[in-house]
2 protein chains.
Amino acid sequence: MNIGDVSEASGLPAKTIRYYEDIGLITPLRSDNGYRQFTQAHLHKLAFIARARGLGFSIEQCRTLLALYEDRERASADVKALAETHLAEIDAKMAELADMRRTLADLVQCCAGDHRPDCPILKGLAAPVTGD
Amino acid sequence: MNIGDVSEASGLPAKTIRYYEDIGLITPLRSDNGYRQFTQAHLHKLAFIARARGLGFSIEQCRTLLALYEDRERASADVKALAETHLAEIDAKMAELADMRRTLADLVQCCAGDHRPDCPILKGLAAPVTGD
DNA sequence: CTTGACCTTCCAGTAACGGGAAGCCCTATC
DNA sequence: GATAGGGCTTCCCGTTACTGGAAGGTCAAG
């Protein structure tokens, strides 16, 4: 398969697939004309990466996951640990966003949002509301 | 004030403050020795930016907020609209994270996490679970 | 006079690609 | 055979919002 085929099959842009080759995630062979030649195994790997990325794993985490995936002796505990680490990262981000959201929603709610210049949002940014 | 003073007062690293000057967010004067000279107004602006950044506004959104902040004729509706746009961005990110979290948590829960190689997480990444 | 803390500029790197240029390859059509 | 098109190649720059580090000027204290 050429890059266009795996691109369509995996849903990944060709640019992204070339990038993954650059950083050593996949290593397609080349045909005589210099075109990358992909096998089903390559496609499988790319789909794996696409799904892991879709779950928010970083490229380096994907690299580790792929290595574990290809290691028939791996312990599932290793995979689980990585997944749990990532789960914790997600939770941390969600908590951070929730904090922002709370504060921002408060400010928005206080703002009349009319033609007048008086704006509690800007006031809140200029001097944070102290709950004391 | 020198950059170290505003850095400490605003909580922003000196590097970041220089960067903000680079991109035109602030424009301190220079003293004879070439050092940046900051006023209370500069510090005020930096603190404003720091808080807006803390709420997740992008640099460009901060630039707009600053412009609105310094425009005595602005309508609070403009500020509110920007804040609501950002609120929607936050909500979108939270929803995306929640989706990831759900799927990942499901996989993690199915994984024994022991010394054996059998791992539902890797299986799930290799071929997504279809709910059909 | 030297030491050390501060300040300056500039260059490079981060994550994970995306855009676009310049140019080769292959097939189809006229 | 010439050409048009689409796909492929490499290469380099741009993105966001900084951070790290090198090389060197400035200033106050001992």
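Per chain, numbering begins at 1; letters A, B, ... match sequence-line order.
- In this structure, CD1 of B:Ile17 is placed 10 Å from P of C:dT8, rounded to the nearest angstrom.
- Judged as a salt bridge (Lys or Arg N to Asp or Glu O under 4.0 Å), the pairs with a partner in residues 34-49 of chain A (not counting sequence neighbours) are, in order, A:Glu21-A:Arg36, A:Lys45-A:Glu70.
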(request) For the pair A:Asp114 and B:Lys80, evaluate side chain to side chain contact (heavy atoms under 4.5 Å, CB included) and give the outcome as yes or no after the intermediate values. (result) CA-CA 9 Å; A:Asp114 54 21; B:Lys80 191 169 186 174; over 6 Å; no

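- Ring geometry for A:Tyr69 against A:His44 counts as perpendicular: the plane angle is over 60°, on a 0 to 90° scale with 30° as the lower cut.
- Between the P atom of C:dC17 and the CD1 atom of A:Ile26 lies a distance of 12 Å, rounded to the nearest Å.
- Between C:dC26 and A:Asn33, a contact under 4.0 Å exists linking OP1 or OP2 to a side-chain N or O.
- To the nearest angstrom, C1' of C:dA16 lies 17 Å from CZ of A:Phe57.
- At whole-Å resolution of the value, OH in B:Tyr19 and C1' in C:dG13 are 14 Å apart.
- Contact footprint of chain A on DNA chain D: nucleotides with an atom under 4.0 Å from a non-hydrogen protein atom, first to last in 5' to 3' order, D:dG7 to D:dC11.
- Note on A:Tyr35 and A:Ile3: separate hydrophobic clusters, where clusters join Ile, Leu, Val, Met, Phe, Trp and Tyr whose side-chain heavy atoms are under 4.5 Å apart, directly or indirectly.
- Within the 4.0 angstrom heavy-atom criterion, base atoms lie near B:Arg18.
- The 12-atom threshold is not exceeded at CD of A:Gln109, counting heavy atoms of other residues, nucleotides or ligands nearer than 6.0 Å.
- Nearest-nucleotide positions on DNA chain C place B:Arg36 closer to the 5' end than the other of A:Ser58 and B:Arg36.
- Atom pair B:Asp32:CG and C:dT8:P shows a separation of 14 Å (rounding to whole Å applied).
- The separation between A:Glu60 atom CD and C:dA15 atom C1' is 10 Å, rounded to whole Å.
- The CG atom of A:Asp22 sits 12 Å away from the C1' atom of C:dA16 (whole-angstrom rounding).
- C:dG18 atom P lies 11 Å from atom CD1 of A:Ile59, rounded to whole Å.
- In B:Gln37, the CD atom is crowded: over 12 heavy atoms of neighbouring residues, nucleotides or ligands sit closer than 6.0 Å.
- Using a 4.0 Å heavy-atom cutoff across all strands shown, A:Ile3 reaches sugar-phosphate atoms only and no base atom.
- Comparing A:Arg30 and A:Tyr35 along DNA chain D, the residue whose closest nucleotide (by nearest heavy atom) sits nearer the 5' end is A:Tyr35.
- A:Asp118 and A:Lys123 are joined by a salt bridge, as a carboxylate oxygen and a charged side-chain nitrogen come within less than 4.0 angstrom of each other.
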